Amino acid sequence: MAGLCCNRWGEIGVIVPRPTNRQALYPRSTILRRTVMKAYDPGEIERKWQARWTERGAFSARPDPGRERYFVTVAWPYPSGPMHVGHARTYTVPDVIARYKRMKGHNCLFPMGWHLTGSPIVGATQRIRDRDERYLSILRDKYGISEDLYLTMTEPMQFADYWINRSRMGYKTGMTALGYSIDWGRECTSLDPHFSKMVGWQYRTLRSKGLVTTGSHPVKFCPRDNQAVTDHDLLDGEGVGIMEFTLIKYRLEGGEGALFLPAATLRPETVFGLTNIWLHPDAAYVVIETGGERWLVSREAAPKLAHQDKALTVVRETTGREFIGRRVRVPLTDASVPILPATFVKPDHTSGVVGSVPAHAPFDLVALRDLQRDGAAQEAFGLDRSELSSLSPIQMIAVDGHGAVAVDLVEEAGIRSQAETARLDDATNQAYKLEFSRGVMAPNTGRWSGLRVSAAKEQVKRELLASGLADTMYEFSETPVTCRCGAPCVVKTVTDQWFIRYSDPEWKQEVLDALERIQLVPPESRTYYRNVVDWLNDWPCTRRVGLGTRLPWDETGWIIESLSDSTIYMAYYTLVPLMRRLPAERLSDAVFDFVFLGRGDPASIAAQTGLEAEALRGMRTEFAYWYPQNHRVSANELIPNHLTFMIFHHLALFPRPLCPEGIVNLGLGVLEGRRMSSSKGVVFAVAEAVERFGADVTRLYLMYMCEPWQDFDWRGVQADAHRRQMERFFAAAQEMLAMEATSEQPVDSWLESRLQRHVLAAGQALEGFQTRRALQHSFFLLQQDVRWYLRRGGRNRDLLRRVLDAWVRLLAPFVPHVSEEIWEMLGGKGFVSDAPFPAPDEGRLDPLAEFREEYLSNLLGDIAEIIKVTKIGPRRMVLYCAPQWKWEVFRRAMAMARGGHLYMSGLMKSALEDPAIAPHSRELARFAQKLVADIPKLSEDQLAKYALPFEEHATLAGAGAFLSGEFGCEVEVHRADAPDRYDPQEKAGKAVPLRPAIFLE
RNA sequence: GCGAGGGUAGCCAAGUCUGGUCAAAGGCGUAGGACUCAAGAUCCUAUCCCUAGCGGUUCGGGCGUUCGAAUCGCCCCCCUCGCACCA
């Protein structure tokens, strides 16, 4: 249908104005009148409104049973550095939503608190005390803190307070500057004694439900400091993982009673393909006694095992050479295999004993071939040549399209010697991946035959461990791992570690069920959550270092780790105002049982604790009113821990309906293409952003650049551009207010209609947290429509005021300060922050008016195109609208299309029946052909539009003055079949319905 | 490897679920013009190729389904993030 009316606006509905303009948008002569315009001064406006909000307590929230509540919380910040624009994005999202909900009439609570527990703050103060120059230089040079000042911040609380309140780059400073509608009356921290009381209740309750247990756990550990270390404490080896190896115990045949060779492997399922054991002939080994057994391990392995909770004594020292040529028994298969020498064996890695599976491990294959070729070595170690040559790979895993995988890979890579370690490492990786993902256990693996390798691995391991044929050993995934003190770290097994039992199947199931009821933004995150719940294991929830709540029943100094103490703090916000007035030490578990669960009798609890029953009832009321949270706002990266933990804990501690109703998962932030990082100084502080752009522009830009869940990239040029956008808007608003003329125009109903569409779209978008889409309509598209309205000659002062009135209310959640300012100019009552969010009035939708403007816009486009191509500066423009008979054919074709039977023959027949059409039979065929080709391609919406009672000639005639003004030439409108038309180039014949012919001269 | 999310014109990004209104919104950048003594700002226009408004070639790559695909299916390539005791 492109030939009839090429539509340029999609659902969003945008008019793309094309022509060269001869008049300014807001012509000074008619609109501006030298009105005294206020320049946009964000600093002044923002201070003014922030002060007024504070003065009136605009955002403090009290329970009000008469109003529907809305409770939104956001991950509390960890104040150990400046608040940057990445944080600003995180906190602006809930603020926008809170402001929107408030305007929708909700009693809205948006609280804030500070996470002080954990190690970074202690770490930072420690570094200040240690005069760590690298860190001090960041404080001094990046964050502009004087030496005098930072040297006073050696206590965690001083340090935190600085980054919350005192620094101009601090969090509360920044949040205030950005105009967040936070109820500061509920400010709290994770170190408040009252908070600790709640956490104590939380952990005792979890424990009583059997969800907290003790067990052993591997951690990075510095033997010199005798302390567990975090990545923060490391000089080398940041991010290095701890891998769990299975030690398969091979029993030495003959002599020495029972001596086991524990070979470490990540692939216990390959035990069926074992052909021999490797020892390094020249490395030092020791015989140790542990758990009533004797083991042969490398000398380096003994202390490692000792750290991993193995009581052991060294019986004697030896070398690998001593055991070469002897034989061991293989568990599960009971085969007898020889011990052979190999130089690739690393004595400082795991146990220093290696099981050889040449069919599936490239190192083993190559080492075996090396040895088989090496007569001298055979001689030297006194190996039986014929037996050695009889050793060949035993394939016990089948992979489609492969033989023994290691054999294939070594062949492909052309590896010749075990000294080619880089290529062997690579081949090993490939073998592991290939077999793990696609391998199946071969028939020679007994009852594991046919199992996928990924499943068999776990099963074989479990079987070996259960029958005492194997043990476990941990090793770093990479070395070295070095403590700040310079000592090499080890893996230590902590044996009295406390865990939260996230592996509990029933608990998991409850979480999975709850997940289906939670509104997730974006919805795609649901599968991610499901997977996390699936593989989540028991979580070590206690630590020895850092700040935090003491594990309530423990005397040994465990504190609750910081991801585990912050799972239900949203409930704490509801209690703060009342609880803060009570002495913390009186907050017994009975208090929380009553407040959270409604258990017990307030009078008797009051009697036991010495608290007022009224205070207890008050807290219960607050909690019951606000909970559950409507939305939790946090970052994508917290899905694998914090957010999922939160669901687990809510389900375990509270009745099911108190689980969060929705979770919003934010994307991460990038600064000019680089990942933001406070420690590397890749940050743009909120303080600077507000200073340079103002709070509103910062918010506008943050909310417009992408939807909340997408990763965003802060770019200075873009922020600059948004500053100009704000200035333009502020000026435009004043111009709209200063408008003098008041007259009704045909375009009025168009602008009304467009406004309704934007109001509708913006509201829908905000319900789904689509801040970008909402702004697209509330700011940019509406602005475009107002421009078009003025360009079309619209001058209705009352209408423009009404539009502006709705406009600032649409924008108030995003740019609250400037919206208040304009609201005040409009004479609005109270704060715009409390004004109702615009509701769409569908009665004001006017599809015909919209279609008319769309038609004109397209016409403008066509004319502009012709001018561009021909470079004609037109003095005269003649438009010919399609003749009646074509319209009649068009209508018939449309009717047939709606009936689903538009065919050439039918259309021709029908058309020729009409005596008004019949005379044009020659042109008819070609026109009908085009209709038959184009109309079926139209969508429902498009068909509906074309069916509107549109008067083409009247529209064109009415737009004559407009077109004349646009192109600075005289404009004539004719019907294409008017006998007296001016048509020197015979253009009129080209006119078709909705697409007039054009002649320029 | 496992898991999740992506690849759209110079950049950001909408559109993909619900195939046709998509040469593909909007913003930015760039260019031209209007306004101005001038600069900035503002406003208008242009920004894949071609062209009296026609048409042509596009939406990571390939194949396919369909009258019709940025949108559906299959295969492949590439990017980002998470994988645990760390906030």
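Keep in mind that what you see is a predicted model, and the values were worked out from it rather than measured. Every chain is numbered from 1, with letters handed out A, B, ... down the list of sequences.
Dense packing is recorded around CZ of A/Arg876, with more than 12 heavy atoms of other residues, nucleotides or ligands lying under 6.0 Å away.
Considering only the side chain of A/Leu668, B/rC81 comes nearest among B/rC81, B/rU42, B/rC86.
Summarising the geometry, the separation between CG on A/Leu638 and C1' on B/rC86 is reported as 11 Å, rounded to the nearest angstrom.
Checking the phosphate oxygens (OP1, OP2) of B/rA4, a side-chain nitrogen or oxygen of A/Asn531 falls inside 4.0 Å. Residue A/Ser564 places no side-chain N or O under 4.0 Å from the OP1 or OP2 atom of B/rC86. Regarding contacts with the backbone of B/rA87, a side-chain N or O of A/Arg543 is found under 4.0 angstrom from either OP1 or OP2. Between A/Arg723 and B/rC28 there is no side-chain N or O to OP1 or OP2 distance below 4.0 Å.
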Could you pull out every donor-acceptor pair under 3.5 Å between side chains of residues 718-726 of chain A and any protein atom, sequence neighbours left out?
from, atom 1, to, atom 2, distance (Å)
A/His722, ND1, A/Gln718, O, 2.8
A/Arg723, NE, A/Glu727, OE2, 3.0
A/Arg723, NH1, A/Arg692, O, 3.4

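Checked against A/Tyr701 for a ring-ring contact (aromatic ring centres under 6.0 Å, His included), the options A/Trp714, A/Phe712, A/Phe779 give a single hit: A/Trp714.
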Just do the side-chain contact (heavy atoms from CB on, under 4.5 Å) check on A/Phe693 and A/Leu700 with the steps written out, would you?
CA-CA 10 Å; A/Phe693 308 108; A/Leu700 177 72; over 6 Å; no

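Annotation: side-chain hydrogen bond (donor to acceptor under 3.5 Å, both in side chains) contacts of A/Thr567 (sequence neighbours excluded): A/Gln202, A/His649.
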Under 3.5 Å, which protein N or O atoms sit close to an N or O of nucleotides 9-12 of chain B? Give each pair with its distance.
from, atom 1, to, atom 2, distance (Å)
B/rC11, O2', A/Arg715, NH1, 3.3
B/rC11, O2', A/Arg715, NH2, 3.1

